[in-house]
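Structure first, then comments.
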Amino acid sequence: MNRKNALAAGVAAALALGSMTAVATQSTAAPRPTAAADTSAARPGAGFQAMTVGARGEAIRTAGRNAAATARALGLGPDERLVAKDVLIDADGARHVRYDRTYRGLPVIGGDLVVHLAKNGTITGSDLAHQGAIRIAGTTPKLTAADASAAAVRHAKHVRHAKAGSKDSTLVVYAVGKVPVLAYRSTVTGAGETGPASRQAVIVDASSGAPLDQYELHQSITGTGNGVTVGQVSIETTQTGSGYTLTDAAHGGTIVYDSYNSPQSSPKQNARTFSKTTNSWGNGTNSSRESAAVDASYGLAKTWDYYKNTFDRSGIRNDGRGAPAYVHVDNNVLNAFYDDNCFCMLFGDGSSQNGNTPVTALDVAGHEMSHGVTAATANLDYSGESGGLNEATSDIFGTMVEFYANNSSDPGDYYIGEQLNVPGGYLRRMDNPAADGRSLSCWNSNAGSVDVHLSSGIGNHFFYLAAEGTGAKTIGGRSHNGTTCNNDTFAGIGKDKAAAVWYRALSAYMTSTTNYAGARTATLQAAADLYGTNSQERYLVSKAWAAVSVGTALPDPGTGTPTPDPTDPPSGNALANGGFEQGASGWTQSDDIITNSSLQAARDGSWYAWMMGYGTNAVESLSQSNIAVPSTGAPKLTFWLEVSTQESGSAAYDTLKVNVNGTTLATYSNANASAGYVQKTVDLSAYKGRTVKLEFAGAEDAYLSTVFLVDGIAIG
């Protein structure tokens, strides 16, 4: 389908493998504030109101409705249109609306502006990249696109052996100077400053071909990687001609460098980019320096995707900018780090303790990048109980990334660093932290005095119990046993819900000095926000804290047991291929709906149905015919549904209907947005013993997008 695909003062947060300890370096650099919002949590910053993605989307929608009136109020010309891009809201209700401009349908380079409005909607000021209206003689160029391409090649300053095609040249209005002009924007490729395959944007006057501006571009394409721990995977690389680099433009321009054993204190000292003429990287062993880089590139991309697709967070600081990563740091380093000083991640090559296995496993990459997220949100101090929470946060989200990636070489589990060949088989274990003989499974009054990698066990243990509950089970092929400190037994709420609670608590309620008691308060508030004050989810969160000796359990609200993550697929299914693990077999689809794309996550297995998400008028359908509804009992349809949306409020702008023999039995919409998959049930008693056609029908309006993910469909 055509869809768009750290700490309080800036410590260098370390994974602390083996006998290594944290390396802390102070910095006065503060994380860049950002006004973009998170899906499950409102995060205040820079004096702006906290907004959910839905609220932000509605604010942008409102700004779009007001665009024409705003253009007139600013004195813009009749051929100009404003396109709403972003909205920030002050605590007093004042708004700051960012627009892009077009002129007779052409994009205007340098036409962006910000309009400031009082709470009542009155314009109080504006900041325009180009002052006043756009006026040009006409939109018919003297040069052809081919002429413009040739001129762009002649004028490209930083690309050698340049070439450009007419398809790479498009008309724009260039309004960076005082006098706007009609121009062509061309893409020129060739050898250049970023390597043998550089790409440069060159803007030339559409009448004379004179150069107006030029700058480097990056284009992400898919390459093949063979990592030490992740196996053979697809990775995003950059091509700017005949060569490739490990630059991931699809994930904020993240670049993986070979540090060439530069010291930890100065990873850039000997660093160089990974570049080559083919787009296949590594051989799966240490004999190729590229293999560890494949692990890091893949892991960081999966971490980015997890945060983006789960919480709508765009990178570490939510500003769309990727942090560089350095592999092969120093010598004999069985450790990995995030350092907010350089906004970068460092990965060692291991030591004799672990057979020199590079410290680039999937959950390690997720762990380190999550240190950056903590730095940009709660900024938890890297000492005392706050430091334990900091480390636990990275273990929690590193684990969630491992589940999200669904990589057969490293299946999801609650062991940390199990791919690193360390003595004992893992670094930490969330279901039973004390199993390593050092970590804390239960809170005690000395928790703030031990190493943060050991006190993190309390938070890790809480998260496991909240997600999975008590009792023995096998997850990712490994044995887990949810024992408690108070001999209690209870069910979990599922890992997706538990992660949503933790993320909201981290980004909305925790501060730099939050301790474990404060984390309990924060997560209970987050659970109330997400699921309700009297929800079973909030109650079970309190039970999980009590089970690690932090506070006592709340009274049971008696609202029933939440549905945890499923461990087994539905049985007795009258449907064919209800879990989609055989691809599209048995189904009729209007588009490529059934997918194993890593851009979203399946509920079980690798395949799922991805419906809608275009952000424009669209319809889709997914159906299966000749289904024999059982003739006994109370037949029903069950399926798992996850809804994520840019819409807000209770109005049903975008819908997914469940139709049986043409009759709509259930309708879901953007108003049913969820933090993860939720099981739905539809009564089929009226069709007992009949043969039916089941259809999922999606419809989306012309504005903000809504994604409906469907998995695990069963009739029985």
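Start at 1 with the first residue, then count along the sequence. Just the heavy atoms: all of them, side chains too, but no hydrogens, waters or symmetry mates, feed the values below.
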What's the spacing between [X] [atom1] and [Y] [atom2] if we round to 0.5 Å?
| X | Y | atom1 | atom2 | value |
| --- | --- | --- | --- | --- |
| Glu620 | Asp592 | CD | CG | 9.5 Å |
| Leu246 | Ser297 | CG | OG | 5.5 Å |
| Asp701 | Asn670 | CG | CG | 8.0 Å |
| Leu212 | Arg185 | CG | CZ | 13.0 Å |
| Arg81 | Leu106 | CZ | CG | 12.5 Å |
| Asn309 | Trp304 | CG | CH2 | 12.0 Å |

Name of the residue among Thr170, Val202, Leu143 meeting side chain to side chain contact (heavy atoms under 4.5 Å, CB included) with Tyr184: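 For Tyr184, the side chain to side chain contact (heavy atoms under 4.5 Å, CB included) check succeeds only for Leu143.
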Leu641: which of Phe708, Phe696, Tyr677 passes side chain to side chain contact (heavy atoms under 4.5 Å, CB included):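 Single pass found, and it is Phe708.
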Side chain proximity check, [X] to [Y], heavy atoms < 4.5 angstrom:
| X | Y | answer |
| --- | --- | --- |
| Tyr99 | Thr70 | yes |
| Thr245 | Ile255 | no |
| Asp496 | Met400 | yes |
| Val115 | Ile123 | yes |
| Leu300 | His251 | no |
| Ile593 | Val710 | no |

Side-chain donor or acceptor of [X] paired with backbone N/O of [Y] under 3.5 Å:
| X | Y | value |
| --- | --- | --- |
| Thr655 | Lys657 | no |
| Ser208 | Asp205 | no |
| Glu236 | Ala249 | no |
| Thr238 | Thr247 | yes |
| Ser590 | Ser621 | yes |
| Glu80 | Ile134 | yes |
| Asp248 | Ala250 | yes |
| Ser507 | Thr377 | no |
| Glu368 | Tyr338 | yes |
| His155 | Gly209 | yes |

Excluding sequence neighbours, so at least two apart, what forms salt bridge (Lys or Arg N to Asp or Glu O under 4.0 Å) with [X]?
| X | answer |
| --- | --- |
| Asp112 | none |
| Arg65 | Glu58 |
| Arg104 | Asp79 |
| Glu695 | none |

Over 12 non-hydrogen atoms of neighbours within 6.0 angstrom of NZ in Lys680: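 Atom NZ in Lys680 is packed in, count exceeds 12.
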Polar contact flag, side-chain donor to acceptor under 3.5 angstrom, Asp340-His371: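 There is no such pair (donor and acceptor under 3.5 Å, judged by atom type) between the side chains of Asp340 and His371.
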Could you pull out all residues at least two apart from [X] that satisfy side-chain hydrogen bond (donor to acceptor under 3.5 Å, both in side chains)?
| X | value |
| --- | --- |
| Gln600 | none |
| Thr393 | Trp502 |
| Tyr509 | Asp529 |
| Asp654 | Thr706 |

What residues, two or more places apart in sequence or in another chain, satisfy ring pair (Phe, Tyr, Trp, His ring centres under 6.0 Å) together with [X]?
| X | value |
| --- | --- |
| Tyr307 | Phe397 |
| Tyr668 | Phe639 |
| Tyr306 | Phe311, Tyr404 |

N-O pairing of Glu647 and Arg61 below 4.0 Å: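 Yes, Glu647 and Arg61 are salt-bridged.
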side-chain contact (heavy atoms from CB on, under 4.5 Å) between Thr374 and Leu506, worked out: CA-CA 7 Å; Thr374 296; Leu506 177 78; 4.2 Å; yes
Within residues 122-146 or reaching into it, pairs that qualify as ring-ring contact (aromatic ring centres under 6.0 Å, His included) - sequence neighbours excluded: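 Pairs touching residues 122-146 that pass the test: none.
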